[in-house]
K.L.:
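Structure below; questions to follow.
Keep in mind that what you see is a predicted model, and the values were worked out from it rather than measured.
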Amino acid sequence: MSIFTSREKKLIKYLSQRESWVSSGEIISAFGISLRTLRSTVKSINADSNYILSSNKGYKIIKNMKIIEELLKEKDQSDPMNEGSRALIILKELLINKQPLDYFDLANELYISEQTLLSAITALKKTIAPYEVTIIRRKSMIALKGNEKNIRRLFCDIVYKEAENSILNSLILNAFFVDIDVFEIKNTIYKIISGHQFEINDFALNNIVLHVCIIIDRNKYEVQQARFSADSISTEADSPYACAAEIIKWIAEGYEFEVSSSDFDNIYALLLISMKKICTKDDFAYLNEFIDPSIIAFVKKLIVEIYNEYYINLDNDEFISNFALHLNNIVNRKMILRNPLLTSIKDSYPTIYEISVFIAKRIQESYSGILMNDHQISYIALHVGAQIEKQTLTKIKTVVINPEYLKLNALILSKLETYFVTDLSITIVSDECELVKLGSKSIDLILTTIPLKGYFECEIVDVTVFISQKDIENIFAAISEIKKNRIIENDYLLQYFDGSFCYFDHAVNDEEVIKRLCETHKDLDADFMKRVMIREEMSPSEYMNIAVLHPIQCDEKSTFITVGIFKKPYRWRKNDINIIFLLSVSQKDKNNFLKILKQLIEMFSSTKWMEHHSNINTYDQFIRFIKDNK
């Protein structure tokens, strides 16, 4: 159920008191808002259900007053608008309105005093200062002032801020760009891309749609600059350049304004990053048309290094093709990428992220002038994670046994994928003989609708043909048991703790923390701390409430784990952490590195740790926690 802003709640109350349709003019007059703001407010209210009806007569609340009362009650119990959300609303209004905003009207819309609005704007100026954009006031009017390119960059970041860590989607864009048909733009761009024999994932497509919406919305502010003429180009039909040109031409004709050359460059760059050719010929022959062979050679060399370091095999034509295209855009076009899923990728897939830091370091060392930040690394993680996922290294290998009848296997597969798509890699067979042919030792889980005669060492769950709710619960239980058995035994992890322990009552800075952890091992070479710092400079090793410091490569003299406990949460770059580890891994133990990292993060970001960490003051208490939570 939605959580409504103050303005949304007041509009719901206003319409709830009326029996008939209320014209938009009456609402605008009563609330002192623009038509655009009214439309945006209604769309926001209707984000997850059709609470308000609209027609040429105006607006009308849904008849079920009980639902309305529950919605209003929920909102009344929620916290009032905080400073962060208020600042976001002010900035959104400044970005999307065609004219400067009236200072006093804005205060009324937000239901705050003029002094509170002044304080919010003063704070907001500091927030947007890095974009070289500010807020100016002339008499009673306020507006944004800055270079148009910087304002667009700010606009883009604000939309992503609104989406937070979720995937940017059409509904979020539609709430921002009320006067633009976002769905038409998305469908048109998709058709153009497909027509040029390219394919694109939905996340990348929404990112392009966002930039197109900004181009359309901001054209009224555009300063005069070189214009792009799509009719003047001469290029092969199915190229990224031709694809970008057709999109720009469609914008210019459909919205009746001339698009700048810089706008074309932005769309072209996004397409280069995002699209993949639908190949009817050899992938590498296609790659050689667009990519320097040295980049492909570098990717192949990188795959060997990754296997030697982490024992992860990425040697796959599709991975080489996709990643070489991505790297080509980073190296040759110096692309600066932003990934709104950064935090969730890093926290949810720490081992994949770790491999990606290694790759980023190799890229930075091999190509001068390329700096790999967290966002760049998270995009690499998407490539690596997609390939690992396709290899089903992280999924449970599952065989479903069901005699095919009335195409029920398709129904079974569809239902299982609905609930378990992220957990199970599913193969369906009709009888036990086919199961034996697959090689039962490589199977983790068997789901069967018929009694089995043979003996199998893996988990077996009896299910019905239509996969009932009880079946689903039993499958979840089996998955949980399999995952539990996959985790390293805690006693195995304990062998790497050698008694070195730091307790931080307070810490001055990150370097002091790292230095104290290193000083617990007198046999460390002088460069160990330097190698740890290089890893931290690439990307902070924090995951939720935990940090795991270590050099990028696993070639130390010995394997050990030093632990540090913070009495109070300590800010490590972006996260507040309560525990930190210094991890050294030798050459002979490098095959265990990712397992150790995964185990540390899972155990010490758990609910049990969060409940007990404030009571742990000594090394013995720390070890006791591990033993008690096997």
K.L.:
For the residue pair Ala143 and Pro100, what are the closest heavy atoms and their distance?
P.N.:
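Closest pair (atom of Ala143, atom of Pro100, distance): CB-CB, 4.0 Å.
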K.L.:
Decide yes or no for Val133 and Phe155: does some side-chain heavy atom of the first lie under 4.5 Å from some side-chain heavy atom of the second?
P.N.:
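No, side chains not in contact.
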K.L.:
Within this structure, what is the CG-OG distance for the pair Asn545 and Ser606, rounded to the nearest 0.5 Å?
P.N.:
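Nearest 0.5 Å value for the CG-OG distance: 8.5 Å.
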K.L.:
What distance do His211 atom NE2 and Asp263 atom CG have between them, rounded to the nearest 0.5 Å?
P.N.:
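Here the interatomic distance stands at 10.5 Å.
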K.L.:
Please round to the nearest 0.5 Å and tell me the distance separating atom CG of Leu106 and atom CE of Met141.
P.N.:
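Rounded to the nearest 0.5 Å, the CG-CE separation comes to 10.5 Å.
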K.L.:
Below 4.5 Å, heavy atoms only, C-beta onward: do Ile377 and Asp374 meet side chain to side chain?
P.N.:
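Heavy-atom side-chain distance check passes, below 4.5 Å.
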K.L.:
Report yes if some heavy atom in the side chain of Leu101 is under 4.5 Å from a heavy atom in the side chain of Ile90; otherwise report no.
P.N.:
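Not touching, per the 4.5 Å side-chain cut-off.
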K.L.:
Ignoring hydrogens and geometry, is there a side-chain-to-backbone donor-acceptor pair from Thr418 to Ser414 under 3.5 Å?
P.N.:
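Between the backbone of Ser414 and the side chain of Thr418 there is a qualifying donor-acceptor contact (under 3.5 Å).
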K.L.:
Kindly indicate whether the side chain of Val209, heavy atoms from C-beta on, has any atom under 4.5 Å from the side chain of Cys213.
P.N.:
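In contact.
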K.L.:
State the OG-CD1 distance between Ser605 and Ile577, to the nearest 0.5 angstrom.
P.N.:
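Atom-to-atom, Ser605:OG and Ile577:CD1 are 13.0 Å apart.
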K.L.:
How about Glu256: does its CD atom have over 12 heavy atoms from other parts shown lying under 6.0 Å from it?
P.N.:
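12 or below, so no.
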K.L.:
Phe466 versus Leu408: any side-chain heavy-atom pair under 4.5 Å?
P.N.:
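The answer is yes; the side chains approach within 4.5 Å.
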K.L.:
Between Ile330 and Ile370, what is the shortest heavy-atom contact and its length?
P.N.:
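Of all heavy-atom pairs spanning Ile330 and Ile370, the closest is O-CD1, 3.5 Å.
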K.L.:
Hey, can you tell me if Phe319 and His383 have their rings parallel, tilted or perpendicular (30° and 60° cut-offs)?
P.N.:
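Plane angle over 60°, so perpendicular.
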K.L.:
Could you give me the CA-CA distance, side-chain angles and deciding distance for Lys249 and Glu246, then say whether side-chain contact (heavy atoms from CB on, under 4.5 Å) is met?
P.N.:
CA-CA 5 Å; Lys249 183 178 180 181; Glu246 186 174 344; 5.6 Å; no
K.L.:
Could you please spell out the steps behind the side-chain contact (heavy atoms from CB on, under 4.5 Å) verdict for Gln376 and Leu371?
P.N.:
CA-CA 9 Å; Gln376 297 273 33; Leu371 295 176; over 6 Å; no
K.L.:
Is there a side-chain contact between Leu91 and Thr127 (heavy atoms, below 4.5 Å)?
P.N.:
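Result no, sub-4.5 Å side-chain heavy-atom pair not found.
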K.L.:
Checking the side chain of Asn328 only, and the main-chain atoms of Ala324 only, is there a donor and an acceptor separated by less than 3.5 Å?
P.N.:
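Checking the backbone N and O of Ala324 against the side chain of Asn328, no donor-acceptor pair under 3.5 Å is found.
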K.L.:
Run the side-chain contact (heavy atoms from CB on, under 4.5 Å) test on Ile251 and Ile267 for me, step by step, so that the C-alpha distance in whole Å, both residues' side-chain angles and the decisive distance to 0.1 Å come before the verdict.
P.N.:
CA-CA 12 Å; Ile251 295 170; Ile267 299 301; 5.6 Å; no
K.L.:
Taking all non-hydrogen atoms of both residues, which atom of Pro350 and which atom of Tyr543 are closest, and how far apart?
P.N.:
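Of all heavy-atom pairs spanning Pro350 and Tyr543, the closest is CB-CE2, 3.5 Å.
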K.L.:
Determine the minimum heavy-atom distance between Ile200 and Ile208, stating which atoms define it.
P.N.:
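So the minimum-distance heavy-atom pair works out to CD1-CD1, 3.6 Å.
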K.L.:
Looking at Lys139, is its backbone amide N or carbonyl O close enough to the side chain of Arg137 to form a donor-acceptor pair, meaning the two atoms are under 3.5 Å apart?
P.N.:
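Answer holds: yes.
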K.L.:
Holding to side chain to side chain donor-acceptor pair (under 3.5 Å), I want the full list of residues that pass it with Tyr103, two or more places apart in sequence or in another chain.
P.N.:
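For Tyr103 there are no side chain to side chain donor-acceptor pair (under 3.5 Å) partners, ignoring immediate neighbours.
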K.L.:
Main chain of Ile467, side chain of Lys415: is a donor-acceptor contact present, judged purely on distance under 3.5 Å?
P.N.:
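Checking the backbone N and O of Ile467 against the side chain of Lys415, a donor-acceptor pair under 3.5 Å is found.
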K.L.:
Are any side-chain N or O atoms of Asn575 and backbone N or O atoms of Met544, one a donor and one an acceptor, separated by less than 3.5 Å?
P.N.:
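Checking the backbone N and O of Met544 against the side chain of Asn575, a donor-acceptor pair under 3.5 Å is found.
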K.L.:
Once rounded to the nearest 0.5 Å, what's the spacing between atom OG1 of Thr188 and atom CD1 of Ile192?
P.N.:
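The CD1 atom of Ile192 is 6.5 Å from OG1 of Thr188, to the nearest 0.5 Å.
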K.L.:
Are Tyr379 and Met372 close enough, and set up right, to give a side-chain contact (heavy atoms from CB on, under 4.5 Å), and what steps lead you there?
P.N.:
CA-CA 11 Å; Tyr379 269 102; Met372 304 297 290; over 6 Å; no
K.L.:
Work out which heavy atom in Tyr255 is nearest to a heavy atom in Asp181; give both atom names and the distance.
P.N.:
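Scanning both residues, the minimum pair turns out to be OH-N, 4.4 Å.
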K.L.:
Can you check whether Lys191's main-chain N or O pairs, donor with acceptor, with Ser194's side chain at less than 3.5 Å?
P.N.:
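No, because the side chain of Ser194 does not come within donor-acceptor range (under 3.5 Å) of the backbone of Lys191.
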K.L.:
Please report the shortest heavy-atom distance between Phe264 and Ala244, naming the atom on each side.
P.N.:
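Minimum heavy-atom contact is CE1-CB, 3.5 Å.
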K.L.:
Can you tell if the side chain of Ile185 reaches within under 4.5 Å of the side chain of Ile216, non-hydrogen atoms only?
P.N.:
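Touching, per the 4.5 Å side-chain cut-off.
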K.L.:
So how far is it from Asp217 CG to Ile180 CD1, rounded to the nearest 0.5 Å?
P.N.:
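One finds 5.0 Å between CG of Asp217 and CD1 of Ile180.
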K.L.:
Under a 4.5 Å cut-off applied to non-hydrogen side-chain atoms, are Phe420 and Ile472 in contact?
P.N.:
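The answer is yes; the side chains approach within 4.5 Å.
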K.L.:
Taking the side chain from Asp471 and the backbone from Ser468, do they hold a donor-acceptor pair closer than 3.5 Å?
P.N.:
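Yes: the side chain of Asp471 pairs with the backbone of Ser468.
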